[in-house]
Each structure stands twice: as structure tokens, then as C-alpha cells.
2 protein chains.
Amino acid sequence: MNLKQLSQLLGLSQTTVSRALNGYPEVNAETRQRVLDAVRETGYRPNRAAQRLATGRAGSIGLVMPTADGIESDVHFGEFLAGLGDEAVKHDFHFVINPSHPEDEVATCRRLVASGNVDALFLAYMREKDPRIAMMKSLKTPFVVHGRSMGIATDYPYLDIDNTGAFYDAARLLAQLGHRHVALINGPSHLTFAIRRTKGTVRALTEHGLVLRDECNSNSQMTDEHGFRAMERFLQLATPPTAVLCSSTVLALGAVRAINQAGLKLGSDISLIAHDDVLPMLKPENFMVPLTTTRSSLRGAGQRIARRLIADILQLEALPQQELWKTDLIVRASTGPAPAGK
Amino acid sequence: MNLKQLSQLLGLSQTTVSRALNGYPEVNAETRQRVLDAVRETGYRPNRAAQRLATGRAGSIGLVMPTADGIESDVHFGEFLAGLGDEAVKHDFHFVINPSHPEDEVATCRRLVASGNVDALFLAYMREKDPRIAMMKSLKTPFVVHGRSMGIATDYPYLDIDNTGAFYDAARLLAQLGHRHVALINGPSHLTFAIRRTKGTVRALTEHGLVLRDECNSNSQMTDEHGFRAMERFLQLATPPTAVLCSSTVLALGAVRAINQAGLKLGSDISLIAHDDVLPMLKPENFMVPLTTTRSSLRGAGQRIARRLIADILQLEALPQQELWKTDLIVRASTGPAPAGK
DNA sequence: GTTAGATGCCAAAACGCTTTGGAGAGAAAA
DNA sequence: TTTTCTCTCCAAAGCGTTTTGGCATCTAAC
């Protein structure tokens, strides 16, 4: 069943049927209803390829997926992608997934846009003064950044969570609980989300007359193993921290392991707050000692970004170009007052 | 630059240029070379939407992504997808990623195919007598299964690794090393890969007069936490195992944690073999005690499946419809002889 | 020296949609 | 009554490929 057949069935022209379906004003309400009814009965679905050809829109959004060894994306990437897919499938949008080594990213993005196969790009894993942003701004292809860069004007479309605020809140809670030695197990130091989290942590500590010691600050990929090693290092210090912040529940997994191994009791001997991306496979409430977390749904971010990109391409609704999501600080059993005398 | 312009430039008809590009025989070798040269100079790239419309092929492959709570896919899914993307991008193929709750899978697959937006489907997370296979066979859309079902004829296209063989080999090695109590920390019991791994394990043990005790057999999602809990349970048994098999390095992560916590020494007090999907973030050689593994690259499987699907759609080369990849058993420090007297 | 079959090329018709540039009818304005 | 809008709708021209059906030209065979 194609448009021609449908229009013949209705005794209308293809033009009118097309306009009725695409919400153009110059079609009688009654006629539109007839068309809509016929669509429902016949199960007519417009041919996407023909639409793409006629409109010049590709109907797909591109994402370059960092893929080199030692990329910390894995766990979080899948979750984010599920969100993107959720939303995209509603509007019949495709993806072009372009794996690329991190050094090639700019070129890969440019090539992807130039290919004409995507009419929007999604950018993530932002670095300081990320060159991709200037490049994308010079093109006219819509894009949304997940996260934000630093050191350049923030006049580009982004969706970010308030990383600074999240870790400020978390560190402040720890300080208020009397902790005087706080450690941070963070993501890779070249990524801006990690930099902002450090900043938030330091700010809160400073306000309470505390410092983030160098030896209590770890940057690494967000894997269990790195979490374990960092925590292990911390615990061997002359003055070990009594509280630790983790940039992911994955890191927290390793940190908790090290804590257990040291024979310390989470929530009393040592406190821990992790950032929770709401990964279905790793729920903070399911830890043996449930984790206090700063929470923001990664999947939700994926959905939102897909929606914004599609709205942009289709000129549906005017959504805000810049969003900064607050995180929730959810207190569970892994935080408690600082042990006396420490 | 489109076909018309290019053909005018060359003083040829569109037909001839098109045929030259698509490798049809009825074009002079010299002419073809001229066309190819012109393409290189002008940077001409055929419009995919027009191609899709003209050929009726969608140029994209569909995948339904299980997305409900408690789905064990995450870590492994990202890695597999990178492989798919790697290969697809070479041929300018898109993806339609359709998240779906596991109960809806059959309907989602059917809908995806019916939408006409994909000309091949990729299936994974196989269960026993998986209904998706019969459904897909009834349609004429190409598909490849990652894994295999059980209890139904294996006359469908698949790529699987020899799970039975892998765990047979691993278990046999443990038996040969003198272990008499072997445990298994496996994936979800409804997935066929896990069932096959159990089978391989049991077979090897049986051949050495050993059994896989119920209390030494764990099925769960493949997360660190589940690995930890299972191992912890094992170690509290009256007769704890002296060796354990893990279905993923992610599970092994937790298992090793429990082993450490119990004060046991990996590789002497207790041996461990894990299946290694070659996840960049979790290398068995980077464990504190490097892990003995059965290895098979998940990304490689993704690449291969994409290649097979595309070859099928484009009728490029005749690739085998059924592949069973052997795994490598790589011995590292986590395996050793059974401790005396156990 | 004609015929048959390759060989190499082309004009034009799809493919199924959107969009342009009207056009007819009725209502409102002159 | 005529003119001018406003509503609705339509015919036809794209969009950029692939593919069909044919038409020359050249070679080999009779």
C-alpha cells in the first residue's frame, strides 16, 4: 500500500493525502479525519526511503563511538544508547554508529556529516576546549553535546548534569558528618565531567576548612579494578581518609571490595558516596551496605537528547538548547558520622 | 555532485556510470576505469536515500536491544555493538536499535521487519526453543543469530562459540590438575550459552569421575556482585570447591574479591578459570593474579555477524551460514594444582 | 557475404514520497 | 454585480538512483 493507492482509494490527490498526514493547515478537518481513518484501516506506512529522498533528510542521527583500548565507556554507553534508541524508534529514526579511535574523532565526525547519511550528530566524552564543538558549529548540522566542554564559550547545545553541584553536595554532607579526610575516586582526568566533580568536591571541602590531598585523589577509567586499587592505596596512607567519593557505582564496587578486604565497616569505619547513573545491573540499594548516591538517569539523558535532536531536525517543538540537570542526593547506609578520633 | 552531473562530465549515460560503479559486466574495462577516476577526483558519493528507494533495500540492519531491569547485557552489549558498527560503517549501513522488554521480543522483531526499515535482523540472547527463530524463518528477511537455541533444529544461520567445548576444556584442565571439587558461576539459566557451559563442565567432570554439586552451581546475571555472592556462598560450604569456573571476567571480578576476602590465595589455595570476551576494560592479564581464561572476542563476533548480514543482503560473497568458533584456553597464574588433602 | 552472437552503450521508466504553482468554489468586500 | 480573498484541493515536477528494453557496432561463423 503506497500513497498513490491510498489516495485513489479515498478519491483524493496524493498531495492532499500527504498534507493531511503531515499536518499541513490547508486541508479540511473532515478530510483529514477520513485520511487518518483510511490509514488506520489499511495500515499504510509511508516509505521512509522515499521520504528521505524527497525531503533530503536522512532520518538518522550519528554517533561516533569511542572504541580504542582502555576506553571507559562500556557499561555506561550501553545504558545511554538504550535511552537514545527508546526515543528514536518512536520517530522511526536510525542510527549511524561510527566507531573511532579518540584521536580521530574530529575527522570522523566531519566525515560522518559530509556523508550526508545523518542529519544530526550526538557528541559525548567532552574534553577541555574540545575541538569538535567549533567544528560542529562551523557546519550547519544540528548536534547536541552530552556534557559540556570547558575553557570555551558555552554557546552550543548541550545536556549536562550538574557535576560540580552533585559532588559539592556530596562532599558537603561528608564534611557535615564530621569527616576531615575525604578522598575522591574519579573518572579520567581529561574528561570534563571528572574535572567538574573534582571542582565541586574541592569547593565544599574548602568551605569547611578541608583539603583534597593529592594522594587522596585518583583519576582512572571507571572500572571495578581501578576502584579497588585506588581505595587500597588510600587505605595504606599514614592518615587514611574516613570518607570517599566515587564517580560511578562501578568504581564503588571496587572501592567497597577494598574496604571489606581491609576489614573496615562501610557506613561506620568509612563512608562512601557514589554517583549513580541508574544502571539496571548495578543498583546502589542492592549493595550489601546500600550506597548513598548522587543520582541522575543516564538512560533518561539519552532519551532527552534523542528527543531534542529529532525535534530540531523535524522542527517540531522548540526545546531548550541548554539543559543542566540537577542530581538527587540520596542517603543510604554507606554514610555515617566520622569515627571518633580520626 | 550527483550521477547526472557525473555522467555529463564523462560524456556517458547515467546507466553506464551506474553500471560501472556497481560492477556490472557490460561495461568496457577502460570506460570503467575512467568512471572510477572521475569518482575519485570529484569525490562523488551516491545518495543513499535514492539508492534505497530505487533498490528497495533499506541499507540498515535491525537489532532489538533487551532493555528491561535486570538485563545482563550491558557490558557485553557495548563491546559487541562496537564490532557491528566497525563493519557496518564500511558499507554505509545503518542500525535501527529497538529497545524492547524481553517478553515483547517476538512482536518487536516482527514489527521491525514489517516496518520495512531494515533488511536484516540480528538476534541474540537465545533461549531454549526460542520462538524468534521460527518467526524469522517464516519471513524472508535475512537474519543471523548470535548464539544458538536448543531443542529445535539448527537449520538457521548462526554464529556461536563452542561454549560446551570451552567449558569442557576448562573443567578438564582443572580435573587434570587434581581438583575434585569444582564450582561454576554461570550466566542466567534461561540462556542457552549458560546451559551449554554447564553441559561442557559436567561432561568433563563426569569423565574424571567427578560431579558438579548443586550447591556449587550458580546461575545469575553476569555482574561483579553476583560473582561475589556466589563465591562467598561456595566458600562457606562444608566442603568448599578448590576450583571455580566463571562465565565472564565480570563474574570473576566478584569471585576473586570473595576469594581475597576469605584470605585464600588465588592460583594455589583455589583455582579459577573465566571465560574472556576480550572486553577492553577488563583484561584477565591485568588482574592481580592474572586469570586463566577461555577466550573469544565478542567484538570479533560482532564484526563477523555484520559482515555476514551485509554479504547476505548485497549478495556479495557466499559466507558460511553456520559458524561455531572454537575458544582458546589460555593458562595464566590463577590455575594451579589442587591443594593437598582436599 | 550474409548471419548470429557478443559487446558496449543509451533513453526512459520506475521507486514513493514532498512540494510548487495553480485553480475552482464559495464568502466577504467593494 | 463585480472583485478579492480564503478555503480546499489538484496536476505535475522534482529528489537521485537502479533497471528495463533496445540499439548500434564489431567479431566470428556459416
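Order of the sequence lines sets the chain letters (A, B, ...), proteins ahead of strands, with each chain counted from 1.
Here the nucleotide nearest the side chain of A:Leu53, chosen from D:dC15, C:dT18, D:dT17, is D:dC15. Among the nucleotides D:dT18, C:dC17, D:dT17, the one closest to any side-chain atom of B:Ser18 is D:dT18. Closest contact between the side chain of B:Val27 and the listed nucleotides C:dT18, C:dC9, C:dC15 involves C:dC9. The side chain of B:Arg19 lies closest to D:dT20 when the candidates are C:dG8, D:dT20, C:dC17. For A:Thr16, the side-chain atoms get nearest to D:dC10 when compared with the rest of C:dG8, D:dC10, C:dT19. Here D:dC9 is the nucleotide among D:dT19, D:dC9, C:dC17 with the atom lying nearest to any side-chain atom of A:Asn28. With C:dT18, D:dA11, C:dC10 as the candidates, the nucleotide lying closest to the side chain of A:Ser13 is D:dA11.
Taking the six-membered ring where the residue is Trp, the centroids of B:His146 and B:Tyr158 are separated by 6.0 Å or more.
Whole-Å rounding puts the A:Asn2 CG to C:dA14 C1' distance at 12 Å. Atom-to-atom, CG of A:Asn22 to P of D:dT8 comes out at 18 Å; the value is rounded to the nearest Å. Summarising the geometry, the separation between CD on B:Gln51 and P on C:dG16 is reported as 17 Å, rounded to the nearest angstrom. Between B:Leu314 atom CG and D:dT18 atom C1' there is a gap of 13 Å when expressed in whole angstrom units. If you measure from atom CG of A:Asn47 to atom C1' of D:dC15, you get 13 Å, rounded to the nearest angstrom. Atom-to-atom, NZ of B:Lys4 to P of D:dT18 comes out at 15 Å; the value is rounded to the nearest Å. One interatomic measurement links the two molecules: CE of B:Met1 to C1' of D:dT17, which rounds to 15 Å at whole-angstrom precision. One can place CD of A:Glu26 at 14 Å from C1' of C:dA23, the figure rounded to the nearest angstrom.
Heavy atoms from other residues, nucleotides or ligands lying under 6.0 Å from CZ of A:Arg110 number 12 at most. The local environment of NZ in A:Lys326 is sparse, with at most 12 non-hydrogen atoms from other residues, nucleotides or ligands closer than 6.0 Å.
Evaluation of atom-type donor-acceptor distances gives a pair under 3.5 Å for the side chain of B:Thr15 against the base of D:dT19.
Side chains of B:Asn47 and B:Gln51: a donor-acceptor N/O pair is absent below 3.5 angstrom, by distance only. With hydrogens and angles left out, the side-chain atoms of B:Ser18 and B:Thr15 include no donor and acceptor closer than 3.5 Å.
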